[in-house]
**Q** 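Next up is a structure, given as structure tokens.
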Amino acid sequence: MSKKPISQKHADREKQENSTLSRVYYVFLLGLAAECWLFLVYRGYAFGTPRSMLAWHNVLVAATWVGLAALVIGAVAGFLKRQDRKMRTIMSWAAGAGAFFLVSSWVVTHFFSNGTGVIAMCILVPIVVVLALVYLLYQHECALSTVMLSGAMFSVWLRSASANSSIWRLPVMIGCIAAAAVVVAVLFLVFRVQKDGGKLLGVQVFSSECDYRVLYGVLGIAAAALLLAAAVSVTAYYLLWALAVLLFAELVFYTTKLM
């Protein structure tokens, strides 16, 4: 097989970089649009007049079901058409939009007091956008490690914040154990991906240069931290800092690999 000329390699690389920058731009715009939508919900539903609150409640209930339908259809169609890159991309965007409307509408309507739900979503959306940018700009293994560590940090923080609560202490402890189980399941999937040469269900997930030792280490530490925080709440504060340091080190490691 003949090698591509250097000019062709540069052209392919420039095309890939432009495609990545376009997706980054779209993600940023979608995050901005999501924040604008939540601002409208905040003004009209959380702190609006009784008439506007009733109207927005009906809109949010409808958005919940529409979002659920878009999520299911997008996920199923994306899986069935996973070999068609264009169709898979479209269905992924549809599923993502459906997930946003499903989660945001459910949270806003079920945590209505003092606008708690909509405020939480206004904080969550920028976090999700940042994680999406990490996925687009970094290696996929870096995105997975970042998401797992961020989720572990959030769960550990909840464990620390609810340690003295008679209502939330037990549910959060159970949630930490469930989160650890999810991390272990992801660890098993990573093992399967490594066995299949970086592929999952026929889709290339990780590059051939992926250092699986780092993934196993990060996921193992995240699972251990979640279980330790669930068992001994006093350790949650220190585990939070340890996970933050690990997250910083992991991002520095993958950044140096890009250079």
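Here the structure is a predicted model, which is why all the values come from computation and not from measurement.
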**Q** Which pair of heavy atoms, one from Glu35 and one from Pro126, lies closest together, and at what distance?
**A**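 Between these two residues, the closest heavy atoms are OE2-CD, 3.2 Å.
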
**Q** With a 4.5 Å limit on heavy-atom distance, are the side chains of Leu30 and Phe100 in contact?
**A**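 SC-SC contact between Leu30 and Phe100 ruled out.
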
**Q** Locate the shortest heavy-atom distance separating Val134 from Ala143; write the atom from each residue and the value.
**A**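 Scanning both residues completely, I find the closest heavy atoms to be CG1-CA, 4.1 Å.
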
**Q** I need the full list of side-chain hydrogen bond (donor to acceptor under 3.5 Å, both in side chains) pairs touching residues 210-225, with sequence neighbours left out, sorted by first then second residue.
**A**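 Listed by first then second residue: Gln194-Tyr216, Asp211-Arg213.
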
**Q** Between Tyr237 and Trp241, how do the two ring planes meet: parallel, tilted or perpendicular, split at 30° and 60°?
**A**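 Ring orientation of Tyr237 relative to Trp241: perpendicular.
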
**Q** Could you tell me whether the side chain of Cys142 reaches within less than 4.5 Å of the side chain of Leu251, counting heavy atoms only?
**A**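 Result yes, sub-4.5 Å side-chain heavy-atom pair found.
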
**Q** If we check side chain to side chain contact (heavy atoms under 4.5 Å, CB included) with Leu226, which of these qualifies: Val156, Ile221, Ile177, Val182?
**A**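 The option that passes is Val156.
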
**Q** Should Leu219 and Phe253 be regarded as members of a common hydrophobic cluster, given that ILVMFWY residues are connected when their side-chain heavy atoms come within less than 4.5 Å of each other, either directly or indirectly?
**A**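 Yes, Leu219 and Phe253 fall within the same hydrophobic cluster.
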
**Q** Walk me through whether Tyr254 and Val214 qualify under side-chain contact (heavy atoms from CB on, under 4.5 Å).
**A** CA-CA 10 Å; Tyr254 283 110; Val214 176; 3.6 Å; yes

**Q** Might you confirm whether atom CG of Leu29 has over 12 heavy atoms from other residues, nucleotides or ligands at distances under 6.0 Å?
**A**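 Enclosed: over 12 neighbouring heavy atoms sit under 6.0 Å from CG of Leu29.
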
**Q** Give, for atom OG of Ser150 and atom CG of Leu131, the distance between the pair rounded to the nearest 0.5 Å.
**A**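 Interatomic distance, Ser150 OG to Leu131 CG, rounded to 0.5 Å: 5.0 Å.
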
**Q** Looking at Gly44 and Ser52, what are the two nearest heavy atoms and their distance?
**A**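 For Gly44 and Ser52, the tightest heavy-atom pair comes out as O-OG, 3.0 Å.
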
**Q** Under the 3.5 angstrom rule, does the side chain of Arg159 hit a backbone N or O of Ala229 as a donor-acceptor pair?
**A**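 Here the side-chain-to-backbone pair exists.
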
**Q** Treat each ILVMFWY residue as a node, draw an edge where side-chain heavy atoms are under 4.5 Å apart, and state whether Leu189 and Val184 are in one component.
**A**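 Each belongs to a different hydrophobic cluster.
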
**Q** Heavy-atom count check: over 12 atoms from other residues, nucleotides or ligands less than 6.0 Å from Arg169 CZ?
**A**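 Count over threshold, so yes.
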
**Q** Could you pull out all residues at least two apart from Arg51 that satisfy salt bridge (Lys or Arg N to Asp or Glu O under 4.0 Å)?
**A**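 So Arg51 forms no salt bridge (Lys or Arg N to Asp or Glu O under 4.0 Å) with any residue.
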
**Q** Name all residues meeting the side chain to side chain donor-acceptor pair (under 3.5 Å) criterion together with Thr146; count only those two or more places apart in sequence or in a different chain, and write none if there are none.
**A**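 Side chain to side chain donor-acceptor pair (under 3.5 Å) check on Thr146 returns Glu250.
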
**Q** Please report the closest heavy-atom contact between Ala95 and Ala75, naming both atoms and the distance.
**A**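 Heavy atoms of Ala95 and Ala75 come nearest at CB-N, 3.9 Å.
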
**Q** Count the heavy atoms belonging to other residues, nucleotides or ligands that lie under 6.0 Å from CH2 of Trp157, then report whether that count exceeds 12.
**A**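 Open: at most 12 neighbouring heavy atoms sit under 6.0 Å from CH2 of Trp157.
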
**Q** Atom CG in Leu215, atom OG in Ser145: separation rounded to 0.5 Å?
**A**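 Reported to 0.5 Å precision, the distance equals 4.5 Å.
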
**Q** Quick check for you: to the nearest 0.5 Å, what is the distance between Ile123 atom CD1 and Leu38 atom CG?
**A**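 One finds 11.0 Å between CD1 of Ile123 and CG of Leu38.
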
**Q** Would a hydrophobic clustering, with Ile, Leu, Val, Met, Phe, Trp and Tyr connected at side-chain separations under 4.5 Å, put Tyr238 with Val232?
**A**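 No, separate clusters.
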
**Q** Using the rule given for side-chain contact (heavy atoms from CB on, under 4.5 Å), can you reason through Met153 versus Leu247, listing the C-alpha separation, both sets of side-chain angles and the distance that settles it, and then say yes or no?
**A** CA-CA 9 Å; Met153 287 177 62; Leu247 176 60; 3.9 Å; yes

**Q** Can you tell me how far apart CD1 (Ile119) and CG (Leu124) are? Round to the nearest 0.5 Å.
**A**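 Answer for the CD1-CG pair, Ile119 versus Leu124, is 13.5 Å.
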
**Q** Is there a chain of hydrophobic side chains (I, L, V, M, F, W, Y, each step under 4.5 Å between heavy atoms) that links Ile167 to Leu158?
**A**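 Same hydrophobic cluster.
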
**Q** Output the rest of the hydrophobic cluster of Val252: all Ile, Leu, Val, Met, Phe, Trp and Tyr residues reachable through side-chain heavy-atom contacts under 4.5 Å, sorted by chain and number.
**A**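 Besides Val252, the cluster holds Phe248.
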
**Q** Report all side-chain donor-acceptor pairs from residues 56-73 shorter than 3.5 Å, counting only partners two or more places apart or in another chain.
**A**
unit_1 : atom_1 : unit_2 : atom_2 : d
His57  : ND1    : Tyr45  : OH     : 3.2
Asn58  : ND2    : Leu54  : O      : 3.4
Thr64  : OG1    : Leu60  : O      : 2.8

**Q** Other than Ile90, which residues form its hydrophobic cluster under the rule that side-chain heavy atoms must be closer than 4.5 Å?
**A**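 Once heavy-atom contacts under 4.5 Å are chained together, Ile90 belongs with Met87, Met91.
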
**Q** About how many Å separate OH of Tyr25 and CZ of Phe28, when rounded to the nearest 0.5 Å?
**A**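 It comes to 9.0 Å.
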
**Q** Same cluster or not: Leu40 versus Trp106, using hydrophobic residues (I, L, V, M, F, W, Y) connected whenever any side-chain heavy atoms lie under 4.5 Å apart?
**A**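 Same hydrophobic cluster.
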
**Q** According to the interplanar angle, ranging from 0 to 90°, do the rings of Trp37 and Phe101 count as parallel (below 30°), tilted (30 to 60°) or perpendicular (above 60°)?
**A**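 It falls in the perpendicular class, over 60°.
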
**Q** Say you draw a straight line from OG of Ser155 to CG of Leu239; how long is it, rounded to the nearest 0.5 Å?
**A**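 Result: 12.0 Å between the selected atoms.
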
